[in-house]
Amino acid sequence: ISVEKKADGQSLRFCRECGAFKPDRCHHCAELGQCVLAMQHWSPLCNNAIGYYNLKPYLLWLLYASLAHALALAALAPGLLRAADPLLAARGAPVVVALRDGGEGSVLAYALVSALTSALVGGAIFFWLVCHAVLAARGVTAAETGRQCGCSRRNQKRRLPKLSIISI
């Protein structure tokens, strides 16, 4: 195991929570309770820390999820375009009216809501995939990137919230 030295070049990095020396690019995960090699972040969807050993399956999961949402949009698009023409010509606000009134237009309205939801969720997943793919291609972790940008919680003074007095 290679062990990284601190900035002073003398002492070794030690994790107080785990009680062990930390190898290069290892970070402690508070949720998992142990140090994770090349830790990106804690994923509540996977209920696991994303690090060196599970980054590839996580990226593939993000890719397949974004492709599934794109496929759902592709499947809904022809029907939405075909059904939208007469409905748009008949009323001013077709989705709201169709959801309220029911009938034939409500199927289009629910398909439209499904398409918009799938587009938003799929877009967010694809953005998250691109962010992690760029980090993986650069060979850096999210914690290291945050530290370089000045977003680290380390060595920051705690800021107390400002209290405002409201006079009545």
Between Phe126 and Val134, is there a shared hydrophobic cluster once you connect ILVMFWY residues whose side-chain heavy atoms come closer than 4.5 Å? yes

What's the spacing between Ile50 CD1 and Ser43 OG if we round to 0.5 Å?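 These two atoms lie 5.0 Å from each other.
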
Note to self: Working to the nearest 0.5 angstrom, can you tell me the gap between His69 NE2 and Tyr64 OH?
What the structure shows: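 Taking NE2 in His69 and OH in Tyr64, the distance rounds to 15.5 Å.
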
Between the CH2 atom in Trp42 and the CG atom in Asn48, the distance rounded to the nearest 0.5 Å is 5.5 Å

CG (Leu129) and CH2 (Trp61) are apart, to the nearest 0.5 Å, by 11.0 Å

Residue pair Arg16 / His28, side-chain heavy-atom distance below 4.5 Å
no

Subject >> hydrophobic_cluster_shared for Met39 and Tyr52, side chain cutoff 4.5 Å >> reply: no

Lys22 and Cys15 have their tightest heavy-atom pair at CG-CB, 3.7 Å

Practice task
Could you tell me which non-hydrogen atom of Thr141 sits nearest to which non-hydrogen atom of Arg25, and how far apart they are?
Solution key: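 Closest approach of Thr141 to Arg25: CG2-NH2, 3.3 Å.
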
Tightest non-hydrogen contact, residues Cys26 and Cys35, listed as SG-CB, 3.4 Å

When every non-hydrogen atom of Ala136 is compared with those of Leu59, the smallest separation belongs to CB-CD1, 4.3 Å

Separation between CG (Leu135) and CG (Leu55), nearest 0.5 Å, reads 9.0 Å

Within the 4.5 Å heavy-atom criterion, are Cys29 and Gln34 side-chain neighbours or not? no

d(Thr145 OG1, Gln40 CD) to nearest 0.5 Å is 7.5 Å

Checking Leu67, Val130, Leu120, Leu62 against Ile125 for side-chain contact (heavy atoms from CB on, under 4.5 Å), the one that qualifies is Leu62

In short, Gly19 meets Phe14 closest at the heavy-atom pair C-CZ, 3.4 Å

Q) Does the ring centre of Tyr58 sit less than 6.0 Å away from the ring centre of His41? A) yes

Least distance between heavy atoms, Val36 atom then Gly51 atom
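The answer is CG1-CA, 4.0 Å.
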
Would a hydrophobic clustering, with Ile, Leu, Val, Met, Phe, Trp and Tyr connected at side-chain separations under 4.5 Å, put Trp128 with Val121? yes

